Number of protein chains: 4
Amino acid sequence: MSEKIAVAILGASGYTGAELVRMLALHPRVRIAALTADRKAGSTMAEAFPQFTGLDLPRLIAIGEVDWASIDLVFCALPHATTQEVLKAVPASIKIVDLSADFRLSDPEAYAYWYGHPHKALELQAEAVYGITELDRAAVAKARLVANPGCYTTCGQLPVIPLLEAGAIDPDQIVIDAKSGVSGAGRAAKEANLFTEVSEGFHAYGVGHHRHMAELEQGFSKAAGRPVRAAFTPHLVPMNRGILSTIYVKLQPGRTAEDLHAILAERYQGEHFVKVLPFGTSPQTRHVRGSNFVFMSVAADRRPGHAILLCVLDNLVKGASGQAIQNMNVMMGWPETTGLEQIGLFP
Amino acid sequence: MSEKIAVAILGASGYTGAELVRMLALHPRVRIAALTADRKAGSTMAEAFPQFTGLDLPRLIAIGEVDWASIDLVFCALPHATTQEVLKAVPASIKIVDLSADFRLSDPEAYAYWYGHPHKALELQAEAVYGITELDRAAVAKARLVANPGCYTTCGQLPVIPLLEAGAIDPDQIVIDAKSGVSGAGRAAKEANLFTEVSEGFHAYGVGHHRHMAELEQGFSKAAGRPVRAAFTPHLVPMNRGILSTIYVKLQPGRTAEDLHAILAERYQGEHFVKVLPFGTSPQTRHVRGSNFVFMSVAADRRPGHAILLCVLDNLVKGASGQAIQNMNVMMGWPETTGLEQIGLFP
Amino acid sequence: MSEKIAVAILGASGYTGAELVRMLALHPRVRIAALTADRKAGSTMAEAFPQFTGLDLPRLIAIGEVDWASIDLVFCALPHATTQEVLKAVPASIKIVDLSADFRLSDPEAYAYWYGHPHKALELQAEAVYGITELDRAAVAKARLVANPGCYTTCGQLPVIPLLEAGAIDPDQIVIDAKSGVSGAGRAAKEANLFTEVSEGFHAYGVGHHRHMAELEQGFSKAAGRPVRAAFTPHLVPMNRGILSTIYVKLQPGRTAEDLHAILAERYQGEHFVKVLPFGTSPQTRHVRGSNFVFMSVAADRRPGHAILLCVLDNLVKGASGQAIQNMNVMMGWPETTGLEQIGLFP
Amino acid sequence: MSEKIAVAILGASGYTGAELVRMLALHPRVRIAALTADRKAGSTMAEAFPQFTGLDLPRLIAIGEVDWASIDLVFCALPHATTQEVLKAVPASIKIVDLSADFRLSDPEAYAYWYGHPHKALELQAEAVYGITELDRAAVAKARLVANPGCYTTCGQLPVIPLLEAGAIDPDQIVIDAKSGVSGAGRAAKEANLFTEVSEGFHAYGVGHHRHMAELEQGFSKAAGRPVRAAFTPHLVPMNRGILSTIYVKLQPGRTAEDLHAILAERYQGEHFVKVLPFGTSPQTRHVRGSNFVFMSVAADRRPGHAILLCVLDNLVKGASGQAIQNMNVMMGWPETTGLEQIGLFP
C-alpha cells in the first residue's frame, strides 16, 4: 500500500465530522492527523462518540492548535457562516473539502441574499468547485477547494440535472417534495429536535424559504441555460438517516416517463454509486443507510404529460461525508470507491 | 341522559374497529351491543386488544350470530370487497356507516375499473352517501347508508374542494404528495409492514396507481364540474398514526396564495374539527394524534403563480373511525362533537 | 352540572403541564383559570402546544401575575428544587397538588442527602401527604398539599408495597429494572435527548444513584417496618410514553409466585385504574398509553424461591398528571374517575 | 491477495443471511459461491434485499441445488429444528458454522427437554463446538462444526463467565434482564412484529421460559462447576438492532464491584472486539450498531454485596453473523478481524 496522506477534520464533534472519522479510520490512503472541536477541545473522540472506543485517534483540539505544516488535506465540517474566515487562514498548499454551505453559491449576490450578509472570502469563493461528484468530476479532479453539496441538493440534482440537460422536462414545472431524517439537523440541542418533539409525527418545515433552494436553483439554472425557480418543500421524518425526494416534472412535448428513465439509466451507466432502478420501482432510504449509494427511479404520473422521479440517499454519507471522501479520492487521483465500499445496513 | 341506541361493529378486531370501540365505549348516546370478528370469534375484546381490559363489552362473535333485531345502527369495518354482500343482508331499518371502500365510488364503472370486478350491491351503492362530514353534512343527515371516506381522501379533499368550488385553482395542476403512518395498512401480518421493514426508513408506494386516486378524482371532478386527474403519491412514514398531505396547486389568474388561505378560513369558520392555521404555519400530525381534528394551512411556492397547501389528520380518527362517529352523530341529529371531544395526545 | 372550581397550573409549558391541560380542559368540575410559564409568558397555550388550537384557555403568564384570590386549587408542575419557595407563597386556603419531587421525601435529612441542599419549606414538607392514590387514599382525602409521586416510584411501589405489607417477600432482595419513555426527561433542550441520540438504541442511566431510589426506599421501608435498600436501574426506551418495571423478588419461605399474584389481585380488586392481569401475562406499555391505567402481573422465575413482577403505566398520566387529577378528585370528594375515563390509545 | 475460499450461505433471505452477505461481500478471503432460500429460489439477492443492488452475487437457489463439490465452508442460517437433517447431508470435508440453535446444547436430553423432540443428528451434535469466540477460541480453531451462540447468550455469557470462573460471584443469584431490538425475531410475517404492534411501546416476553435460558445455564454451569439456574427475562425494544443485558449479581464475600470490573478488564485486555468501559459507564447499543464490538461495564448496586453488569452488542453482528465470520476466521487461521473492521454506525 502506498504512503498515506495526513488529513485534518475541523468540526469533528458533529455528526458529519463523526461520519468522516468512521469512514476515514478505515481508508487505506489516509491518516487522521488532527481533529478539532472548539467546545469539546481536550476530550477524546471516544468521549464525544463512544463508537470510536479503542481506535487510535488524535485528541480533540481547538482549530488554532492545528499544525498546518503536517497536514495535506482538510475536511471542514463547521457550521454555516463560520467557515469563511477559518478557511482563509489555511495555507494554500493544503487541499480542502468544505462540507458547509459557505462556498456552494458561486454568485456573491445570491450568497448575500440567502444568508443575509456579504461573503467574507470572495477569492476562495471564486475558486471553489461545486462538487456533486458524478456531475462535476472533471472540475473536482483539478480543484484545490471543493464545496461539498448539501444533502437535499444532491438528492434533487442527481435525478433532475441530466433531464434538464437533455431538454426532456419543463424547467418551470419542477416540484421537489423532499423528506429527510433528523440527523440533517445536526447535534445542537434544540427543543424542536428532541425525541419527544420528532418521533411519532411528521411535518414540513422551511416551506417556501429553505436555503437549499438556492443551491438547487443554481444547478438547475446552469443545466437549463436560463434562470429556474423550483418548488422545494423539506419534511422531517422520524428516523435518523436518509432522504427521499419525490419529484414531479412536466415532460417536454413528445417525451414519455419511460424516456426520462432511459436518459437517467444511460447517464449513470457505469457509475458505482448511482443506481437507476427499473422503471416504476420505489427506492427506499433504508436500503442505502450508512452507504454512499444513491438509488433512483422514474414512475408514471396520473396527469398526462407528467412524470414522477424518486431518489434516495443517506444524508450523512452521499449527502455529506461520503461524497466528501469521494471528492477527495477524485482530487487525489485514487480509485473513487476507496474507503467507501460499505453496503447499506438493513435492517 | 336520553336513551342510548344499540350499535354493532362488524370487524372489531382490526385497528379501525378498535378505534370505534375506544371512542364509542365513552359515547353517551351509544351502547355497544355486538362486536364481530370472524377469525377471533369467541375471544373477548380485551384478548384482541388489551387496552380494553376491564371494560364491559360483548364477546366477539361471527357476523352470522348478530341479532339484527336488537341493533339500531351498524359500523362496518370489514376489508374492502367483502362488505357488499354483508351489507345487503342487513335489515333496511338499520342505519349503516361503512368504513370500507365498497360504497365510495358512485359510478359502478369506476368501481369495476379500480377494483377489478363488478359491484355486487348496486342498489345500495345507488343510495350510499359519500360522507366527508364538513362537505356533505346535509346529505349525511338524511342518509341511511354513509360511505365513510378514505383517510388519504379526507386529507386531500378538505383543503382542495373549497378551492375548486371557488374556481381559485387550476383543476389540471394538482399534486398531492401524501405521507401516512403505518396503521393505515391495517393489522394483517405482512412482511412489508414488520417493524424491521418500516422503521428507520422512508419510501413511496402505489406510485401512479393507488385506489384512493379514484375517490380523490371523483370529488375533485364534482367540485370542478368536469373530469379531473390529479397526481397522488402516498408514502409510508415510520410512525403509527397521522397523515400529512403536501399539495401543490396552480393559482387561477389573479389569485394569490393568501386568497386560498382566506377561502379556506372562511369555508371552515365555525367548524369544530377543522382548523385553518395562520398563513405559512406548518401543521404537524403529532398535534392531532388520537383526535378528530384537522389542521391545515397555505404557504407560498417559489414558483410564481403557485401555492402549497398543507393538511394533517389522524388516519384512524378523522381519517376513519372518528369521522364515522361524526357521521353517526349527524345521522342521528345529535351534537356533532358528541363522544369526539378528545384533544391530541402529544407527546 | 354542579359548579366548577378554578384551578391554576404552574409550569404549563412542560409536558406534565400540557397533560394536565389536556385532561382538565374536558373535566366537568374544573375551570382552568390560570396557566403560568415564565419564559413563554405572553404566549398562548396553542403556541406552546398546537394540539390546543381552538380551545378557550387563558394566556400564559408569569407566576407573579396569578390572582390567587380567584383560585381554588393549584397544580404545580415546576422543576425540582424550584417549587419550595413558590408554594410557600400560595395562600393557605388553596389546595395544592405538587408534581415535583420537592415534597415527596418526608425526612428532611433524606431530602438534603439526595438533593444536596437543605429543604426550604420545612413546614409545608411536614404537612405534605405522599399520594399514590390507591395506597394513600384516606390521607389524600384530608390533605391540603399532596406530593404527587414520581413515575418510576408509582410503577415500583404499586406492585411491591402490598407484598411487603403481607410479609410475602424478602425486603432485602428487591431488584427493580425499570424502562421509561423519553417524555420523562421533560422538554428541556439537551443533547442527550435529541431524536438522533435516543432513537434506534437503548441504554441504562443513573445506574446506582437515581433520585427516585429515595422515594422507592421510603415507601418500601414504611411497608416493611424497617430500612430497606433496593436495586433500581432506569433505562431509556426509544418511545415517547410508558414505563415498564420488571421486578425480581425473593419469596419468603412457604410462599409461591402464585401467592403473590393472589395478594395483588385481592389488594386491587375493585380499583378502577389498577388491573391485575392473569398470572404469567406480560403487560405492555402501549396498551395504557394516554390513559390512567396500571396493568400488572406476576410470573415464575427460573430460580426456585423467586418471582418476577411486571408493571406498566403511562409516565405522563398515572405517573404524573393523571394521578395528580385522581388525587384532586379524592381531595374534592368527587368520583375518582372524573375526567380520567380515557382508554389507552393503541396503536 | 491470497486465494479465496468458496462459501455457501443457507437461508440467505433472512436477516442473519443478509448480514452474512453484507460482510462477506467485502471479505478479502471469501467468495460467495452459493446462496439458498427455498421459498424465494429463483430470485436475485437484490430482489430479496435491495441494498445489494449492483453487487455480483449468485442467484438464490434451493438447498438441493447446491453443488457441494465447489464449496469449502458453509454458513447455515436456517430456522431452528430444520438444520439437523440439512447438515447431516453436507459432505464431511466442508467446514460449517451453524447459526441456528440446533447444535448449541451439548446434552441431548437438554435439547429434547427444551425443543420438545429428540435430536436428529446426534453424531454432529457430539462433535459441534460451541463458539463464543473470545471464550472458546482454541476449540473453535480445531472445529469442523461450530455452533454459533445465540444473541442473548453471547450478551449474557461474555460478562458473567469470567466472574464465575474467578469465583467472584454467587452462581445462584444471577439475574439477566435483557432487552433486544426487533430484528432478533426474524423476517417472518407475524402480527406481533408489525410496526404498529411494536413501535411506541415496550414489553417483556417469554418470561420464565425462553429457550436461550438453556444455553445461558449450560455455559454458567460449566464455568461454575455445578448446575446453575439463572433468572433471564427478554424484552422487546422498539428498535431494529441491539441487545443490552442488565445483570444483577451477588458478590462472593470479600469481593467488590470494582473487583469484578478488574477481572473483566484483565480477561478482555487485548481483545479487539470486546471493550471493557470505565467503571460506572453505561454502554449504549447504538454505539455498536452494525459492528462486531461488545461494550461492557460494571456499576455499584444500592444493595450492599451486590453489583450490576451492563453489556451491549448488535444482535445481528456479534450476536449472530459477525461472530459467525469471526469464528470462520479462527477456523481458517486468518486474522480474527478480517472483514469485520466496520465501526458502529451512529446516529
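Model, not experiment: these values are computed from the prediction. Protein chains get the first letters and strands the later ones, always in sequence-line order, with residue 1 at the start of each. Heavy-atom basis, side chains included; hydrogens, waters and symmetry copies ignored.
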Which bit of A/Ala185 is near chain C, if near means a heavy-atom gap under 4.5 Å: side chain, backbone, both or neither?
neither
Considering only heavy atoms, give the residues of residues 54-65 of chain A separated from chain C by less than 4.5 Å, sorted numerically, with 'none' for an empty result.
none
Ring pair (Phe, Tyr, Trp, His ring centres under 6.0 Å) filter on C/Tyr152, not counting sequence neighbours, yields C/His210, C/His212, C/Phe232
Taking A/Glu191 first and then C/Arg39, would you say they form a salt bridge - that is, a charged N and a carboxylate O separated by under 4.0 Å?
no
Residues of residues 233-247 of chain A contacting chain C, heavy-atom criterion under 4.5 Å, by residue number
A/Pro238, A/Met239, A/Asn240
Cationic N near anionic O, under 4.0 Å, A/Arg286 to C/Glu200
no
With sequence neighbours excluded, tell me which residues meet side chain to side chain donor-acceptor pair (under 3.5 Å) with C/Tyr15.
A/Thr196, A/Glu197
